[in-house]
Q: 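Input: one structure, supplied below.
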Amino acid sequence: MIYLKTDEEIELMRDSNLLLAQTMGEIAKWVAPGITTLKLDSIAEQFIRDNGGVPSCLGYSGYPNSICASVNEQVVHGIPSNKELKDGDIVSIDFCVLKNGFHSDSTYTFPVGEVSYEVRRLLKTTKESLYVGIEQAVEGKRVGDISNAIQTYCEKRGYSLVREMCGHGIGRQMHESPEVPNFGRRGCGPVLRSGMVIAIEPMVNMGSRNIVIERDGWTARTKDRKPSAHYELCVAIREGAPDVLSTFKYVEEVLGDKFI
Ligand code: MF3
Ligand code: CO
C-alpha cells in the first residue's frame, strides 16, 4: 500500500529532512583521519536530539546505533566502531531522523583526507546518478524510469549496482512501498503519483555487484572487497518537477573545495 501525503504532511517531512541535512553538515565538520565512527555516531545523536528529533535507526530491528557508517568495501549498515578512519578511506554515513511524526533518510559518502582519483570518480559518479534518478521522479513516470536512469548512468562508466538493497517509500514508517531498485527497465513498475515520497539511494560498486553480509548480521560489504559508494535523498513526487525534500548543501558548505 502506497501512502500519499497531503501538502501539509509534505511540509512536515521537509522539516524532518532539514534537520537530517543539517546533521549531515555537522558530521561533515568532523570527518577526518583519526576520528572514529563511534564519535561521529554520538555527534549525530546529540545534534538530532538537541534539535527536537529522534535518531530513528537506533533500535530499529535491534540496530545498535544512530548512524550507519560503512567504510571502503562496506556497502551499507556498517556499525560504528572505535577504529580510527585513515587518510584515503571513504565512509558512507547513512541515517534517519524522526521529527513531526515523519522519518527522513539520507546518505553521504565522505572522502577521508586525500583519496585516489579512482575513488573520487566512483563518488562523483554515484552522486551524479542520484540526481539523474531524481530527474525521473515526477508524476506520471514509473519507478523503473528512476531505476533504469541510475543503472544506465553508472554502468556506462564501468560500475555495478547493488541489487539486494533498494530505495523505498518513506513517511510515518521508515520503509514504505514502493521499493525503488537501482536497476530496472524503463516504463516498468508502479506509476509515480503526486504525494508519494520516496528515498532514492544508489549503492554503486567499483568492482562486481556481489555483496556478503558480515557475521555481525548487519554490515553488507562487497564480495571482492573493492570500494562502494552510496548517496541518498528523499523526494516528493509532484507534477512537472521533483520536489527534493533534503539537500547536501550543508555538507557542501563545510567541505568547500574538498567537495566532490
Ligand atoms: N537508511 C538505512 C536503510 O534504509 C538505515 C536504516 S536504519 C538501520 O536501510 F537500523 F537499519 F540501520
Ligand atoms: Co534508505
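Heavy-atom basis, side chains included; hydrogens, waters and symmetry copies ignored. First listed ligand is number 1; within each ligand, the first listed atom is number 1.
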Q: Does a side-chain N-to-carboxylate-O contact under 4.0 Å join Glu11 and Arg14?
A: yes
Q: Applying a 4.0 Å heavy-atom criterion (strictly less than), which segment of Cys57 is in contact with ligand 1: side chain, backbone, both, or neither?
A: both
Q: Which residue owns the protein heavy atom closest to atom 12 (F) of ligand 1, what's the atom, and how far is it?
A: Cys68 SG, 3.2 Å
Q: Need the atom name: nearest N/O/S atom of Glu232 to the Co ion (ligand 2).
A: OE2
Q: Flag His77 as yes when one of its N or O atoms lies below 3.5 Å from any N or O atom of ligand 1, and as no otherwise.
A: yes
Q: Please evaluate residues Phe110 and Tyr108 with respect to the criterion ring-ring contact (aromatic ring centres under 6.0 Å, His included), reporting the C-alpha separation (whole Å), side-chain torsions for both, the decisive distance (0.1 Å), and the verdict.
A: CA-CA 6 Å; Phe110 292 90; Tyr108 196 93; 4.8 Å; yes
Q: Taking 4.0 angstrom as the limit and counting only heavy atoms of Asp105, give me the atoms of ligand 1 inside it, by number and element.
A: 1 (N), 4 (O)
Q: To the nearest 10°, how many degrees is the angle Glu201 OE2 to the Co ion (ligand 2) to His168 NE2?
A: 90°
Q: Once rounded to the nearest 0.5 Å, what's the spacing between atom CD1 of Ile146 and atom CG of Leu130?
A: 10.5 Å
Q: Are Phe47 and Val251 in one and the same hydrophobic cluster, where Ile, Leu, Val, Met, Phe, Trp and Tyr link if side-chain heavy atoms are under 4.5 Å apart?
A: yes
Q: Taking the six-membered ring for Trp, is the centroid-to-centroid distance between Phe95 and His103 below 6.0 Å?
A: no
Q: May I have the step-by-step check of salt bridge (Lys or Arg N to Asp or Glu O under 4.0 Å) for Glu252 and Lys249, ending in yes or no?
A: CA-CA 5 Å; Glu252 291 172 27; Lys249 86 170 187 199; over 6 Å; no
Q: Indicate if the distance from the Co ion (ligand 2) to the nearest N, O or S atom of Asp105 falls below 2.8 Å.
A: yes
Q: Using a strict 4.0 Å cut-off to heavy atoms of Trp218, name the atoms of ligand 1 that fall inside it.
A: 11 (F)
Q: If you have a sec, work out which protein heavy atom is nearest atom 10 (F) of ligand 1 and how many Å separate them, to one decimal?
A: Tyr63 CB, 3.1 Å
Q: Where on His175 is there a heavy atom closer than 4.0 Å to ligand 1, on the side chain, on the backbone, on both, or on neither?
A: side chain
Q: Would you say Tyr153 and Glu128 are linked by a side-chain donor-acceptor pair, where the criterion is simply a distance under 3.5 Å?
A: yes
Q: Between Tyr63 and Ile48, is there a shared hydrophobic cluster once you connect ILVMFWY residues whose side-chain heavy atoms come closer than 4.5 Å?
A: no
Q: Identify whether the distance between the nearest side-chain nitrogen and carboxylate oxygen of Glu139 and Arg238 falls below 4.0 Å.
A: no
Q: Give the atoms of ligand 1, by number and element, whose distance to some non-hydrogen atom of His168 is under 4.0 Å.
A: 4 (O)
Q: Which is closest to atom 1 (N) of ligand 1 by heavy-atom distance: Asp94, Asn65, Val76, Thr107?
A: Asp94
Q: How does Phe95 reach ligand 1, if at all, at less than 4.0 Å between non-hydrogen atoms: by side chain, backbone, both, or neither?
A: neither
Q: Hey, is there an N, O or S on Cys96 sitting under 2.8 Å from the Co ion (ligand 2)?
A: no
